[in-house]
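What follows is a set of notes on a single structure, which appears directly below.
Residue numbers run from 1 in the order of the sequence given. Each ligand, and each atom within it, is numbered from 1 in the order the structure gives.
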Amino acid sequence: MANGSFEQKTPDACAFVIFGVTGDLTHRLVMPSLYNLAAGHLLPDKFCIVGIARKGMTSEKLRDNLLEGLHKYATRPVEDEIAKRLLECVTAIEADPREPDSFDHLKTQLEKLEAARQTVGNRLFYLATPPNAFAPIAQQLGRVGLLKEDGEAWRRLVVEKPFGTDLASAKALNDDLLKIVTEHQIYRIDHYLGKETVQNIMVLRFANGMFEPIWNRHHIDHVQITVEEKLGVGHRGSFYDATGALRDMVPNHLFQLLSLVAMEPPARFDAHTVRNEKAEVLAAIQPQSEAEALSNSVRGQYTAGEVGDAEIPNYRGTEDVGADSTTETYAALKLTIDNWRWAGVPFYLRTGKALGVKRTEVAIKFRQAPFAMFSCTPVESLAENYLVIGIEPTQGIMLQFNTKVPGPMIRTDGVQMKFNYKDYFQAEPATGYETLIYDCMIGDNILFQRADSVEAGWRAVQPFLDAWKKAGAKGLEPYAAGSEGPKAATDLMARDGHSWRKLT
Ligand code: BG6
């Protein structure tokens, strides 16, 4: 996005150092994104990729391993010429965070390589590792001086999700990292911000004059944020059972959507201003007591069922999941935002696995018109006014309103005006990480989470985590895989006279 990336620039010469270089994330997302950037001539000429590897991994073996991954996960046909150019940049260096001395060796090797490749000391350390390795790696890099910014050269640390598992651990991780680097050096990734449809929310709101005057409690009845997935937990049982739907999705992905929809207009399109506004709105989410949290939330866990043609086993029968697990695979919350724009407007959030449909969207429901003119028309036959921001798989924007059915009588019907990305733009298939990786290299952190936002997100969900932990199995509602989720989620809305937007 490049500070409102109104123009494209080539990143500075740099070393791109990957921890977790043979892992899933590197294969699936990082390398295919680097390939796409190389294909678009968006990598610097003076560039090297350093894979931090365990003993015995040579550069040659690593290149083979990465090429194999690229063939499997690239989003477009792999051209030999581009792959060769990219892989020529790869060097393996041995280091292991469990052996601190190995970082002294890493420093010597890296500096030699940097001199040979003329990358002038700019370094990006990408931690594609399990989260418990973030702080130990950063500490070792800090100890040997690899993260210290001196002179012109920049040093950056890219951290993947999850960032903490609750408010206390997120704060502790921020404290640990901020002892080693300053905030501007940290790039906390949330892959939702790599999605075009998510980045477009700000453009929709602030590059068009007609939405802002009605974007408030006077005109908006409530907001629904939905992330429904068809897939079950699959082989991620061990991670997921310790995490659950709320931690996995809400303080990060759903709150990114919420903050973009609810933030005040930033005065400037730069990282500082935009991130201030996003942090402000998250901090304005009204804190809930544990009793309120229980009454304003729903937890569900899937049981065996069919999603399309796929049989999904009972969550509790999944590999690495306890037979009496009380981890939620579905969460719905009602939140309010305590500021002038949103006072009294509920925000309903829901997310779940093994559901009948895949859908990620934000639905803005406008207040109903006074229907006096149409008093003979039953209210339920009047369409609700929705503006729907489709994130995935429908990528676009839809406005729903009433119109007159042609004919001599006055009859109304709901219609939809739709914008679909694919009708207007032809983008090369991408991983969604290209913009994020490019932005790390050009030093634009507009699309990355700042410490205060991360903590504000955890602060808002902490009452739910605490209340659910105490409640244990009580209140955990089973739902069949392939269904719409727990009935209690419908009741959560019905209580306020609302209903979740149905797919039409
Ligand atoms: C990840 C979660 O962060 O996001 C997964 O850990 C989830 O459980 C995924 O499936 C959803 O991402 P997307 O882009 O498919 O909506």
Side-chain angles (χ1 to χ4, degrees), residues 20 23-30 32-33 73 75 127-132 134 158-166 170 188-201 224-258 260 299-302 307 310 312 315 318-321 325 327-331 349-362 389-396 421 427 429-437 447-449 454 457-458 461 481 485:
D24 203 48
L25 181 72
T26 303
H27 282 134
R28 276 178 191 277
L29 294 164
V30 181
S33 304
Y73 297 114
T75 58
L127 308 192
T129 63
N132 58 5
F134 297 163
V158 183
V159 192
E160 273 289 339
K161 156 178 182 283
F163 197 93
T165 53
D166 58 10
R188 297 176 193 79
I189 287 199
D190 182 315
H191 80 273
Y192 263 50
L193 287 173
K195 296 179 193 280
E196 283 293 344
T197 43
V198 175
Q199 293 172 17
N200 188 45
I201 297 175
Q224 303 179 13
I225 302 180
T226 298
V227 182
E228 296 174 317
E229 297 184 86
K230 282 181 164 181
L231 293 178
V233 166
H235 298 295
R236 296 169 77 213
S238 144
F239 158 77
Y240 197 86
D241 207 40
T243 305
L246 180 65
R247 284 190 171 90
D248 190 34
M249 300 296 288
V250 177
N252 32 64
H253 308 326
L254 276 85
F255 277 7
Q256 287 303 336
L257 299 176
L258 179 143
L260 289 166
R299 283 184 297 157
Q301 191 185 66
Y302 66 81
V307 180
I312 301 229
Y315 175 71
T318 307
E319 182 188 333
D320 297 326
V321 169
S325 165
T327 299
E328 78 289 352
T329 59
Y330 183 102
L349 280 61
R350 62 175 166 169
T351 182
K353 299 241 180 241
L355 297 166
V357 290
K358 167 143 179 80
R359 148 166 73 154
T360 302
E361 69 171 35
V362 179
I389 303 170
I391 308 292
E392 257 168 13
T394 304
Q395 302 190 333
Y421 274 76
T431 64
Y433 260 58
E434 291 79 1
T435 314
L436 298 175
I437 289 181
L447 293 178
F448 297 84
Q449 302 209 75
V454 172
W458 282 114
V461 298

For this session: Kindly say whether A245 contributes a backbone atom to a donor-acceptor pair with the side chain of Y240 at under 3.5 angstrom?
Result: yes
Problem set entry | K353 and its side chain to side chain contact (heavy atoms under 4.5 Å, CB included) partner, picked from L231, I312, V307, D248 | D248
For this session: Could you tell me which residues satisfy ring pair (Phe, Tyr, Trp, His ring centres under 6.0 Å) with Y73, sequence neighbours excluded, listed by chain and number?
Result: none
Exercise. Does the side chain of Y330 reach to within under 4.5 Å of the side chain of T351, using non-hydrogen atoms?
Worked result: no
Exercise. Parallel, tilted or perpendicular: which fits the ring planes of H191 and H253, with parallel below 30° and perpendicular above 60°?
Worked result: perpendicular
Ligand 1 polar-atom proximity to protein (N/O, under 3.5 Å):
residue  : atom   : partner : partner atom : Å
ligand 1 : 3 (O)  : K161    : NZ           : 2.8
ligand 1 : 3 (O)  : H253    : NE2          : 2.7
ligand 1 : 4 (O)  : H253    : NE2          : 3.4
ligand 1 : 6 (O)  : K161    : NZ           : 3.1
ligand 1 : 6 (O)  : R236    : NH2          : 2.9
ligand 1 : 6 (O)  : D248    : OD1          : 2.6
ligand 1 : 6 (O)  : D248    : OD2          : 3.3
ligand 1 : 8 (O)  : R236    : NH1          : 2.8
ligand 1 : 8 (O)  : D248    : OD2          : 2.6
ligand 1 : 8 (O)  : K353    : NZ           : 2.8
ligand 1 : 10 (O) : E229    : OE1          : 2.6
ligand 1 : 10 (O) : E229    : OE2          : 3.3
ligand 1 : 10 (O) : K353    : NZ           : 3.0
ligand 1 : 12 (O) : H191    : NE2          : 3.1
ligand 1 : 14 (O) : H191    : NE2          : 2.8
ligand 1 : 14 (O) : K195    : NZ           : 2.5
ligand 1 : 16 (O) : Y192    : OH           : 2.5

Seminar exercise, completed: Tightest non-hydrogen contact, residues V321 and S325, listed as CG1-CB, 3.9 Å
